[in-house]
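Each remark here refers to the structure printed beneath this line.
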Amino acid sequence: MAGTTVFLAGKKQEDSSLLLPLQSAAILFVTEYCISDRADFHLTLVDEGINPSACVTLNQNILSKYSHAFTNSEGGYQNCALPVIVEEEGRLIRAGLCSIIRQIVNIAQKYSPADEFEFLLGFRGGSLKACAEVSGWTKLCEVDLPNSITELIQQIREIEKADSEDTQQIEIPENVVKLESHLETPAKLHNDDKHKRRLLSQVIKEAEEIDNSDVSQFKLQRDYPLTHCVCRISLKSKEVLESENNSNFCENGIILKNQELRNGIQQKSFDGCNTEKTFQSVEELTSFLKTLTLRDVDLIHLYAEGNTITVADLILFSFVFHLLEVLSFNIHCLRSHVPNIVSWIKHMITLPRIQECARNCGYKVNLLDVSNTSIDSRLRKSSLYFVSPPQEQETQEDDLELSRRCRAKSRAIKPEVASALEKVKEGEIIVELGQHPCGEAVQLVWDGIPEGVHPGADLPKKRLMRKCQQLENLVTAVQALAKPGNIIVDFCSGGGHLGLVIAYLMPDCKVYLVENNESSLMRAKNRVDKASLSNVTLFQCNQDYFRGRFDVGTCLHACGSATDMVLHQCLQNNASFVICPCCYGGIQNTHLMTYPRSQYFKSANIPSKDFIVLGHAADQTEFNRDLEEQGKYCMNLVDTDRASLAKESGYTVDLCSLLPPSCTPKNNILIGCQNAVS
């Protein structure tokens, strides 16, 4: 396996300690957790925009078992925002906290398969896999929480620096409250019946193997080992179940419940729940357990993503630890505001591998033990206190979906569409259609295109002709705009169908494939290797992490707002663009952009809500349907907004249709180039 180089923001201070942003600290913690000294693994800390007031410190010894270096100059990572992993001698680059950490786990699995590190990637490898643009959970872990905790750390340090005797008030950041609320919700688990059945059978088996003398010691709250963690079982009475929504009685484990247990159950407190029932004999115990069914078993939230540990827990552990460190481990000042977070981190430090890793990183985990009477009492004193933010609105249930955001596309309701179209009419918005720079001569000769480049290798024949027609329109438009030596970026590249044809037909240009989905990009990599294309570089990252300069940007069927992110990248780089949009109903206001995008539409007083309604109607373009004509018009309206935004930035833009239009219902194409400066 070729060596891997990780570039992190950070620097060595005069006392040899490391000064690191929170994201870099989290990556080093995961690296310590996973990577053995046998791995061909290299770390480079880059002094790039380091703000000491926003950083944390670690002992340099954490780097001792890896090859490492320090630099303040640009290296092979310059096309992406840090953190970055460079592989395959610079031909494969990954960027973004979640992508980096998932790759570290994959590397660890290859070098130490017995440790089963893939367990950390969650069910079907889905933990933090979806990009921040579509997953509120990834966005919280990768962007919002590190930013909010960094700002909170700066605020605390400023208060301490002022050294005022007055007590200072700090509001808990909204994103910390989101994590607190998330930990309180029932875990969304896959195959939960399978887990319930296995654990219930295990409890019964254990009960059958004990003696009558030990039956009184049989606990219905117990831990069962899993890879890297434990799962906890406890028992609740019906009364506790009914009051569960009004208390923090249970925080973790698997809960066995049965109506028979109403009487004779005593509740004990331990930061969560502990209920015990006394049995007189093994027969009584096993008879009771055999009355339980799967409906009597609840899988309760113990870790960030459910009842097993994942990479999300490792990231969040580092963030929360460093916050408590700045608070001098005064865990009491947070307990009443974020009890679930406090209980979660207290459980995390009971896991042996977490303890070992934390100590190797220099974390003072013993100071997190609130029962430790040896802790200096001064650590419990504070000149500040926290307050919870006002609850202006509840978090939508799917905002923190653990994989992809589940929010269904809104239906294009006829009265709403009619109202939106009326506002378009009142605003006197005109759709101007242009033509492809090659006219109708958009065909390619596919016979000579080799295996690996030709899309026929992984497409069924029924789709192949339509896919080739789509590619022809985009490839010939790129050929008309690009010059030898140009850098061409295929955004949302998927398996590389578009970018690899461009790379083969334009060997004098460099082609970058930018794709967040690792499995899709690996398919593209296999095709690049098969075709021996030397002018292709692959980037696994979100679009907003890609910072490279380029001359032409293109994408085929980038879904929803991804099209607008591609257009934004092109405008920022003064690059020409060839864009075929898709999934108009998926556009929505995000932390990166709002709709409509152009001043043309804004001046026509088209509200954001109505514009998004037009997007939903634009998806009703299936051929030979009653709403096909209206759908096409709405599709043209949305793309006119995009074209207008580019024109307002000094571009010449043509909005036209793919030829033949029957190759796809989403057959619009936007072709733009920067006007020549006179």
Using the side chain to side chain contact (heavy atoms under 4.5 Å, CB included) rule, take L637 and I429 through it: C-alpha gap first, then chi angles, then the decisive distance, then the call. CA-CA 8 Å; L637 287 171; I429 291 175; 4.1 Å; yes
Mind jotting down which residue pairs meet the salt bridge (Lys or Arg N to Asp or Glu O under 4.0 Å) criterion with at least one end in residues 643-667? Sequence neighbours excluded, please.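 For residues 643-667: E432-K647, D619-K666.
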Pairs meeting criterion salt bridge (Lys or Arg N to Asp or Glu O under 4.0 Å) with involvement of residues 580-601, two or more places apart: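 Sorted result for residues 580-601: empty, none.
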Quick one: are [X] and [Y] in side-chain contact, heavy atoms under 4.5 Å?
| X | Y | answer |
| --- | --- | --- |
| W137 | E305 | yes |
| L658 | C580 | yes |
| V84 | V86 | yes |
| T138 | C131 | no |
| N589 | M593 | no |
| N526 | K530 | no |
| F319 | F29 | no |

[X] side, atom [atom1]; [Y] side, atom [atom2] - distance, nearest 0.5 Å:
| X | Y | atom1 | atom2 | answer |
| --- | --- | --- | --- | --- |
| I50 | N72 | CD1 | CG | 11.0 Å |
| C541 | I93 | SG | CD1 | 9.0 Å |
| L614 | Y633 | CG | OH | 8.5 Å |
| L659 | S662 | CG | OG | 9.5 Å |
| N668 | T664 | CG | OG1 | 10.0 Å |
| L498 | L556 | CG | CG | 6.0 Å |

Contacts of [X] that satisfy side chain to side chain contact (heavy atoms under 4.5 Å, CB included) - sequence neighbours left out:
| X | result |
| --- | --- |
| D144 | K139, L140, N175 |
| S99 | N516, Q540 |
| E629 | none |
| A39 | I35, F41, Y111 |

Carboxylate-amine/guanidinium proximity below 4.0 Å for [X] and [Y]:
| X | Y | value |
| --- | --- | --- |
| R527 | E451 | no |
| R94 | E518 | yes |
| D508 | K510 | no |

Within the side chain of [X], is there an N or O that forms a donor-acceptor pair under 3.5 Å with the backbone of [Y]?
| X | Y | answer |
| --- | --- | --- |
| N147 | V143 | yes |
| R124 | L121 | no |
| T563 | A558 | yes |
| N573 | Q569 | yes |
| S649 | L645 | yes |
| Y66 | T31 | yes |
| H68 | T44 | no |
| Q674 | N574 | no |

Side-chain donor-acceptor contact under 3.5 Å, [X] with [Y]:
| X | Y | value |
| --- | --- | --- |
| Y595 | D641 | no |
| E142 | Y545 | yes |
| D40 | T4 | no |

Pairs where [range] contributes a residue and the test ring pair (Phe, Tyr, Trp, His ring centres under 6.0 Å) is met, not counting sequence neighbours:
| range | value |
| --- | --- |
| residues 442-481 | W446-H454 |
| residues 508-539 | Y512-F539, F539-F546 |
| residues 642-670 | F577-Y651 |

Using 30° and 60° as the class boundaries, would you call the ring planes of F611 and F601 parallel, tilted or perpendicular?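 Aromatic pair F611/F601 classed perpendicular.
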Which donor-acceptor pairs under 3.5 Å do side chains of residues 476-489 form with protein atoms, sequence neighbours excluded?
unit_1: T476; atom_1: OG1; unit_2: H436; atom_2: NE2; d: 3.4
unit_1: T476; atom_1: OG1; unit_2: E472; atom_2: O; d: 2.7
unit_1: T476; atom_1: OG1; unit_2: N473; atom_2: O; d: 3.3
unit_1: N486; atom_1: OD1; unit_2: K483; atom_2: N; d: 2.9

Pairing residues for S493 by the side-chain hydrogen bond (donor to acceptor under 3.5 Å, both in side chains) criterion, not counting sequence neighbours: none
With sequence neighbours excluded, what pairs up with T652 under the side-chain hydrogen bond (donor to acceptor under 3.5 Å, both in side chains) test? N675
Assess the residue pair D551 and S576 against the criterion (side-chain hydrogen bond (donor to acceptor under 3.5 Å, both in side chains)); give the C-alpha distance rounded to whole Å, side-chain angles, the decisive distance to 0.1 Å, and a yes or no. CA-CA 6 Å; D551 304 289; S576 300; over 6 Å; no
Check each of Q470, K632, Q469 against N667 using the side-chain hydrogen bond (donor to acceptor under 3.5 Å, both in side chains) test, and report the only one that passes. K632
